[in-house]
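For clarity, every value in this text was computed on a predicted model and none was experimentally measured.
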Amino acid sequence: MSARQITRLLSTTAAALMVVAQAGARAQNTAGAQVPDITGSWERHGSPLGQRGGGPADPTVPPPASQPQLKPEYLKEWQTRVQAARAADAKGEPLATSATHCLPDGMPAMMAAVFPIEILQSRGQITVIEEAYTQVRRILLDRPQKAVDDIEPGFYGHSVGRWEGDTLVVETIGVKENVRFQNAPHSPRMRIRERMKLVSATVLWNEITIEDPVTLEKPWVVTYAYRRMPNYTLLEYVCEDNREYADDKGLQKIRVDSPTR
């Protein structure tokens, strides 16, 4: 091969590599353009019971949440807890909850956004902060999920996610067994799958699917909607003035001499 042929081959190869690189950059830019900006403050949108009948349908309000289809051995325990809580509320002596002890909601309850939440998008991570108890949850992007046995159980578990077009898909495992959602029991094998997507310029939906082969007969689906709060900054929320405690009967009472936290 002559020097001229070698030069021509190198030029052709370089040009081909440049075309590939430019195509890759265009594909990356196109994919990046599909990712919405969900950074900001959000509040719950719509009724906690979901879309109701009797009026014009609001497409930004999600459908009613399903109830947990628990296996028989866990259903009785759940029903007992729910009935006990209702009876205590009716008597004006509500049962102690994690909030009584200044404990965070954990997952997936914090995503109910009873208080406003803030979402921060950064490279490789999405951070969710709830005003209540200043709860912080981290979603690691584009990383493989760990094995359950390799995770130290916590209130928020271990969350990994990825963007599928305009939808953020998240999987969470490793939530402590004593962190309960709507009083429903779960096992260490529980997995929480979320699909977050803007349904309008100001409303974000989060479809939460809870799977647990030990306690649930079938997946449990709950969808929450959040509305943008453009001018809202989360307030400091520290559980230092809560002087309630649980006595031996599990009832909340006031003890004025108890130390603050």
Side-chain angles (χ1 to χ4, degrees), residues 21-48 50-51 57-63 65 104-146 154-173 175 181 191-210 221-237:
Q22 291 173 344
R26 285 194 298 270
Q28 186 176 8
N29 291 337
T30 301
Q34 296 176 347
V35 175
D37 180 11
I38 59 174
T39 289
S41 298
W42 302 82
E43 64 179 345
R44 270 286 292 278
H45 172 61
S47 166
Q51 184 74 60
D58 183 346
T60 66
V61 176
D105 297 322
M107 275 294 291
M110 73 168 287
M111 300 308 295
V114 176
F115 286 76
I117 61 174
E118 182 179 23
I119 299 176
L120 303 175
Q121 288 174 257
S122 57
R123 185 173 182 178
Q125 179 173 306
I126 291 179
T127 306
V128 183
I129 306 169
E130 186 180 11
E131 188 172 86
Y133 305 100
T134 315
Q135 299 180 71
V136 179
R137 176 192 178 203
R138 296 172 178 84
I139 302 171
L140 307 178
L141 297 178
D142 302 319
R143 301 192 195 182
Q145 182 60 278
K146 294 183 178 181
F155 284 93
Y156 311 105
H158 184 266
S159 297
V160 297
R162 66 186 183 279
W163 285 100
E164 293 185 355
D166 60 356
T167 302
L168 177 62
V169 180
V170 185
E171 180 188 69
T172 301
I173 61 174
V175 177
F181 178 53
R191 289 180 182 266
I192 304 169
R193 304 183 192 276
E194 297 168 275
R195 295 184 65 85
M196 302 186 199
K197 180 179 180 179
L198 287 170
V199 296
S200 76
T202 59
V203 176
L204 174 70
W205 276 23
N206 185 9
E207 182 186 82
I208 301 172
T209 302
I210 303 170
V221 181
V222 179
T223 302
Y224 291 120
Y226 319 110
R227 181 172 51 198
R228 283 191 187 273
M229 305 173 72
N231 301 314
Y232 186 80
T233 300
L234 263 60
L235 302 175
E236 181 179 273
Y237 188 124

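Remark: E131 does not engage R44 in a salt bridge, criterion side-chain N to carboxylate O under 4.0 Å. Here R193 does not pair with E207 in a salt bridge; the nearest charged N to carboxylate O distance is not below 4.0 Å.
To the nearest 0.5 Å, atom CD of residue Q125 and atom OG of residue S159 are 10.5 Å apart. Going from atom CZ of F181 over to atom CD1 of I208 covers 6.0 Å, rounded to the nearest 0.5 Å. The distance from atom CE of M111 to atom CG of D105, rounded to the nearest 0.5 Å, is 11.5 Å. To the nearest 0.5 Å, atom CG of residue L140 and atom NZ of residue K146 are 8.5 Å apart. For the atom pair W163 CH2 and L141 CG, the distance stands at 8.5 Å (nearest 0.5 Å). One finds the CD1 atom of I173 at 10.5 Å from the CD1 atom of I192 (value rounded to the nearest 0.5 Å).
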**Request:** Apply side-chain contact (heavy atoms from CB on, under 4.5 Å) to V222 and I210, showing your working.
**Result:** CA-CA 8 Å; V222 179; I210 303 170; 5.6 Å; no
**Request:** Walk me through it: do V35 and Q121 pass the test side-chain contact (heavy atoms from CB on, under 4.5 Å)?
**Result:** CA-CA 11 Å; V35 175; Q121 288 174 257; 4.1 Å; yes
**Asked** Do M110 and Y156 pass the side-chain contact (heavy atoms from CB on, under 4.5 Å) test, and can you show the C-alpha distance, the side-chain angles, and the key distance before you say yes or no?
**Response** CA-CA 9 Å; M110 73 168 287; Y156 311 105; 3.6 Å; yes
**Request:** Show your working on side-chain contact (heavy atoms from CB on, under 4.5 Å) between D58 and H45 and close with a plain yes or no.
**Result:** CA-CA 11 Å; D58 183 346; H45 172 61; 4.1 Å; yes
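Judged by distance alone, the side chain of W205 and the main-chain N or O of T60 form a donor-acceptor pair under 3.5 Å. Using a distance-only test at 3.5 Å, with no hydrogens or angles considered, no donor-acceptor pair links the side chain of Y224 to the main chain of P62. Remark: the backbone N or O of E171 is paired with a side-chain donor or acceptor of Q145 at under 3.5 angstrom. Under the 3.5 Å distance criterion, the side-chain polar atoms of E43 are left unmatched by any main-chain donor or acceptor of M229. With hydrogens and angles ignored, the 3.5 Å screen pairs no side-chain donor or acceptor of Q135 with any backbone N or O of E130. For S41 (side chain) and E118 (main-chain N/O), no donor-acceptor pair under 3.5 Å exists by modelled atom type.
The side-chain heavy atoms of L198 and I38, taken from C-beta on, include a pair separated by under 4.5 Å. At least one side-chain heavy atom of Y232 sits under 4.5 Å from a side-chain heavy atom of P116. At a threshold of 4.5 Å between non-hydrogen side-chain atoms, the residues I117 and I129 do not count as touching. Between V160 and I139, every side-chain heavy-atom pair lies at or beyond the 4.5 Å cut-off. In this structure the side chain of V175 never reaches within 4.5 angstrom of the side chain of F155, judged on heavy atoms. The shortest distance between side-chain heavy atoms of T127 and V136 falls below 4.5 Å. Between I119 and T39 the shortest side-chain heavy-atom distance does not fall below 4.5 Å.
Ring-plane geometry between Y237 and F115 is classed as perpendicular, the angle between the planes exceeding 60 degrees on a 0 to 90 degree scale with a lower cut at 30.
Side chains of N206 and E194: a donor on one and an acceptor on the other come within 3.5 Å. T172 and H158 share no donor-acceptor pair across their side chains, judged by distance under 3.5 Å alone. T209 and R191 are not linked by any side-chain donor-acceptor pair at a separation below 3.5 angstrom, with hydrogens and angles left out of the test.
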